[in-house]
A.B. asks: 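Got a structure for you, written out below as structure tokens; questions coming shortly.
Computation of the quantities below employed the complete heavy-atom set of this structure, encompassing side-chain atoms and omitting hydrogens, waters and symmetry-equivalent molecules. Residue numbers start from 1 in every chain, and the chains themselves are labelled A, B, ... in the order their sequence lines are given, proteins ahead of strands.
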Amino acid sequence: MQELPKAYDASSVEDEIYQRWESSGYFNPDKLPDRNQNGEPYCIIMPPPNRTGTLHMGHATMLAIEDLLIRFQRMLGKKTLWLPGTDHAAIATQVKVEQLLMKEGIQNPREELGREEFLSRVVAFAEDSANTIRSQVRKMGSSCDWSREKYTLDAERNRAVNEMFKRMYEDGIIERGDRMVNWDPGFKTVISDDEVVWREEKAPFYTFKYGPFEIGTSRPETKFGDKYVVMHPEDERYAAFKEGQKIELEWINGPITATVIKDSVIDREFGTGVMTITPWHDQVDYDLAERRGLDKEQVIDMEGKLLPMAGEFAGMSILDARKKVVEKLKAKGLLVQVDENYVHRVATAERGGTLIEPQISRQWFIRVNKKFALRQDTLGKWKKGDQTTLKELMIEAVASKQTNIVPDRFEKIYFHWINNLRDWCISRQIWFGHRIPVWYKDQEEQVSETAPGKGWEQDPDTLDTWFSSGLWTFSTLGWPEQASDLKNNHPTSVLETGYDILFFWVARMILMSSYGLGEVPFKNVYLHGLVRDEKGRKMSKSLGNILDPLDLIPKYGTDAVRLSLLIGTTPGQDMRLSENKIAGFRNFTNKLWNISRFIMIQLGEGGLRQEKIEPTTLADKWILTRLADVVTSITKKLDAYRFSAAGDELRDFTWTELADQYLEIAKKEKGKEAILSYILTTILKLWHPYMPFITEHVWSLLGQKELLLVAEWPKSKEIPIDTEAAEEYLRQQRSKQSPEDQERQKEELEEIVSYIQSTEQKLADTDFQSKAPDHVVAGMRKKLEEAKQKREWLEKMRSY
RNA sequence: GGACGUUUAGCUCAGUUGGUUAGAGCGUUCGAUUCACAUUCGAAAGGUCGCAGGUUCGAAUCCUGCAACGUCCACCA
């Protein structure tokens with residue numbers, strides 16, 4: 001027998017073990033053993049990490065949970081597919097590369113390099129990131145099928161994107177239009193509502209004289225084009241002014257004519273109850289102008305500078321102009337007052353952080369409220385040809401429970417978001433991404449992958465990265481072809497991701513799948529919380545509190561890192577992680593190592609015993625009964641996504657009951673080789689989804705021919721149990737009850753007995769029967785039953 | 001403004017259909033240790049389960065109200 005080290009050294013075995021798994025082919029569903037080939041399919045599509053750099057703790061959490069699910073289901077005998085991939089992450093990656101190029105001294109990367117050269121730099125960076133990510137995903141022990149790896153921007157995904165675009169265009173739910181959008185003047189692209197981050201900011205709030213009115217604003221620099229003055233129709237202060245009335249007044253650059261508009265969007269309580277509107281640069285104003293057919297005029301250009309219509313202020317940046325405009329109005333005696341303590345919220349870009357300027361711009365939109373005819377039977381509710389909207393599809397998928405969200409409170413949040421959802425702007429003025437498959441010639445436009453003929457120009461814009469992400473569950477399985485992978489695995493079993501991208505991504509996959517395929521993309525959604533530092537702060541570079549999985553793995557082992565992300569956490573709830581916690585789980589992996597080592601030493605040359613186990617002593621019967629309980633309970637909890645509870649229970653059993661108690665007995669009493677063999681192999685199987693490396697390592701030291709990776713999950717009914725013997729064992733172990741406790745239990749029993757008597761009397765009373773409503777009687781009966789159960793329990797306890 | 005979450009031992013958190021004396025890990029204190037493991041073992045201290053009411057024989061758990069912290073959504077010139 002070989003010499004076994006006293007401490008488990010994860011780093012010396014993990015890479016070799018991963019190699020063995022990968023070369024076994026078992027990550028690939030088509031190469032699994034026969035048992036799994038006949039099992040039902042179980043599929044998880046990995047949320048593709050962005051090709052923007054390296055993996056962080058959030059990714060590690062995702063990989064740990066998904067690998068646990070896949071390994072558990074594989075051992076149960078399912079035909080498991082975990083499909084990995086990466087995301088081009090359009091804007092995020094382009095921003096990152098632009099920053100890198102600027103550091104290299106290229107001031108305006110896009111202008112200086114040109115589209116082709118710039119894109120080749122981005123592609124090189126993305127490829128580099130992908131390689132890093134692949135090796136990191138392996139480091140975490142992920143048992144995903146590398147032969148099926150996909151990329152959101154590869155050729156087949158591009159075909160899927162173009163096909164989906166084409167269908168939506170033909171159905172009239174993709175449409176081009178001039179609408180109000182969120183414009184990022186820094187990166188010169190539009191971004192979606194969900195990519196806008198609102199920041200609280202203190203800014204002066206000015207009140208100006210505007211003819212006979214006073215108006216308030218925090219953005220005087222936009223007021224050049226304001227020629228409508230709006231008030232509430234029932235505001236008596238302004239009853240003298242009539243709808244459509246023209247008023248001559250002195251304004252920034254001289255006299256103008258303002259038109260009175262009466263509209264109930266006005267909040268009479270706010271400020272003076274009067275406002276002017278800037279429809280080109282404000283959503284609310286835009287909506288009002290659209291509704292009332294008012295003129296719109298652009299004031300600020302796409303780079304954040306004032307246009308010629310601002311007169312002497314033309315060409316100034318917004319912030320410069322603000323000061324100057326206020327000075328001028330003040331000089332004209334039109335400034336009434338300034339509130340320096342006004343706090344409002346400004347829109348900034350999620351990537352890059354520049355101030356967002358609302359602009360009217362010609363863009364492509366997905367219309368979520370427009371009726372269209374379905375191309376196939378959908379979600380079991382609609383028939384082919386029925387009219388519906390994308391919003392209705394998104395609601396039905398979750399409301400009908402075809403997609404089930406864990407934890408379920410997020411369903412409410414999901415519905416709320418959909419109710420507020422507006423059309424989705426899908427075009428971006430960036431270069432890295434799927435090019436919009438639309439071609440123009442003179443006044444014509446045509447959707448096509450390639451040029452329809454001579455003289456056609458392709459739309460220069462690309463698609464929002466979430467458009468291709470939305471297709472991820474089925475584009476990866478071969479759609480739009482009728483691929484067998486698609487047929488076997490869609491809808492997928494589980495989508496596991498952080499709750500922070502519920503809207504960005506989860507909702508959009510539901511949209512795309514129910515529209516394009518008529519079915520949900522996944523049956524279950526499991527949302528994990530965000531990983532925070534030990535003080536509960538978000539991990540960030542600027543705070544310097546980042547825990548990097550790649551630093552922790554060599555130090556504590558992958559298994560310990562995985563445990564720290566799986567145990568002590570609940571779905572949808574943020575978790576605090578500290579190195580201390582990981583060290584604690586490293587200690588546990590070592591404990592499991594030494595349990596294995598002890599048993600292997602006990603087994604000696606004879607190795608693992610295969611003979612039927614025959615418990616003889618009370619302790620044997622107790623530990624086997626407990627083992628059977630644990631198998632049942634762990635299986636149930638894993639099925640219910642209760643990873644933390646299952647892991648906790650298993651750790652408790654392994655450490656306290658098995659190691660501290662039973663192994664101590666086994667030291668004194670010999671002849672337990674068969675039982676020890678059985679217990680060890682069983683707990684290795686139970687732990688495998690949590691700690692794949694150490695369990696596989698011990699498994700092979702035990703001389704097992706086949707990998708633990710594909711071993712059969714334990715069944716409790718195969719374990720001999722003897723509940724009475726187990727209770728007897730515990731009774732002997734337990735110290736005598738104290739007299740006070742006995743007294744307390746006696747009192748409690750008496751109380752319950754008297755309650756049962758009085759309730760039974762009451763229920764038997766005919767007068768009561770005739771008067772009491774049914775539900776009251778039913779409630780009383782239910783409670784009576786519970787009380788009787790409790791009585792039995794107490795009586796049983798007393799008899800001990 | 002709307003919604004949601006959290007509040008349990010010094011710290012991090014479990015506690016799923018209301019039910020024995022509210023648990024675990026870490027930390028603290030005391031003790032042990034050539035016998036699988038000091039990345040260990042045994043023991044102890046430590047909790048009015050945020051606050052106030054209510055339902056119940058019985059509430060950390062259900063209901064109502066309040067408070068603190070956090071998150072998301074909407075966004076008013």
A.B. asks: For the side chain of A/Thr570, starting at C-beta, report the closest nucleotide among B/rU39, B/rC76, B/rA14.
C.D. replies: B/rA14
A.B. asks: Just compare B/rC41, B/rA74, B/rA77 and give me whichever is closest to any side-chain atom of A/Arg345.
C.D. replies: B/rA74
A.B. asks: Between B/rG23 and B/rA9, how far apart are the two C1' atoms, rounded to whole Å?
C.D. replies: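 Straight-line distance between the two C1' atoms is 10 Å.
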A.B. asks: Classify the side chain of A/Lys412 versus the base of B/rC4 as yes if they form a donor-acceptor pair under 3.5 Å and no if they do not.
C.D. replies: no
A.B. asks: Which whole number of Å gives the distance between the P atom of B/rA22 and that of B/rA59?
C.D. replies: 13 Å
A.B. asks: Compare the minimum distances between each of B/rA77, B/rG15, B/rC41 and the side chain of A/Trp655, then state the nucleotide with the smallest one.
C.D. replies: B/rC41
A.B. asks: Would you indicate what A/Lys581 reaches in the nucleic acid, counting non-hydrogen atoms under 4.0 angstrom: base, sugar-phosphate, or nothing?
C.D. replies: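 The answer is nothing, as A/Lys581 stays clear of every strand by at least 4.0 Å.
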A.B. asks: What nucleotide among B/rC41, B/rA77, B/rC73 has an atom nearest to a side-chain atom of A/Asn420?
C.D. replies: B/rC73
A.B. asks: If we ignore angles and hydrogens, is there a donor and acceptor under 3.5 Å between the side chains of A/Asp226 and A/Thr278?
C.D. replies: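 On atom types as modelled, these side chains qualify, holding a pair under 3.5 Å.
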A.B. asks: If you only use heavy atoms from C-beta on, which nucleotide in B/rU39, B/rA77, B/rA14 is closest to the side chain of A/Asn590?
C.D. replies: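 The listed nucleotide nearest to A/Asn590's side chain is B/rU39.
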A.B. asks: In the strands shown, is B/rG25 matched to any nucleotide by a Watson-Crick or G-U wobble pair with both distances under 3.5 Å, and which?
C.D. replies: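 B/rC11 - that is the nucleotide pairing with B/rG25, both distances being under 3.5 Å.
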A.B. asks: Counting any heavy atom closer than 4.0 Å, what does A/Ile567 reach on the DNA or RNA strands: base, sugar-phosphate only, or nothing?
C.D. replies: nothing
A.B. asks: Given the C1' atoms of B/rA3 and B/rG10, what is the spacing between them in whole Å?
C.D. replies: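 Those two atoms are separated by 34 Å.
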A.B. asks: Using a 4.0 Å heavy-atom cut-off across all strands, classify A/Lys6 as base, sugar-phosphate, or nothing.
C.D. replies: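 Since only primed, P, OP1 and OP2 atoms lie under 4.0 Å of A/Lys6, the category is sugar-phosphate.
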A.B. asks: Side chains of A/Ser11 and A/Asp9: do they bring a donor and an acceptor to under 3.5 Å?
C.D. replies: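 Looking only at side-chain atoms, A/Asp9 and A/Ser11 do form a donor-acceptor pair, the distance falling under 3.5 Å.
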A.B. asks: For a quick check, tell me whether the side chain of A/Arg576 and the base of B/rU12 share a donor-acceptor pair closer than 3.5 Å.
C.D. replies: no
A.B. asks: If you measure from the C1' atom in B/rU7 to the same atom in B/rG50, how many Å do you get, rounded?
C.D. replies: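 6 Å, rounded to whole Å.
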A.B. asks: Starting at atom CD of A/Glu649, determine the distance to atom P of B/rG15, rounded to an integer number of angstrom.
C.D. replies: 13 Å
A.B. asks: What distance do A/Ile300 atom CD1 and A/Phe224 atom CZ have between them, rounded to the nearest 0.5 Å?
C.D. replies: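 Rounded to the nearest 0.5 Å, the CD1-CZ separation comes to 9.5 Å.
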A.B. asks: Please confirm whether A/Phe213 and A/Phe241 have ring centers closer than 6.0 angstrom.
C.D. replies: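 A/Phe213 vs A/Phe241: aromatic centres under 6.0 Å.
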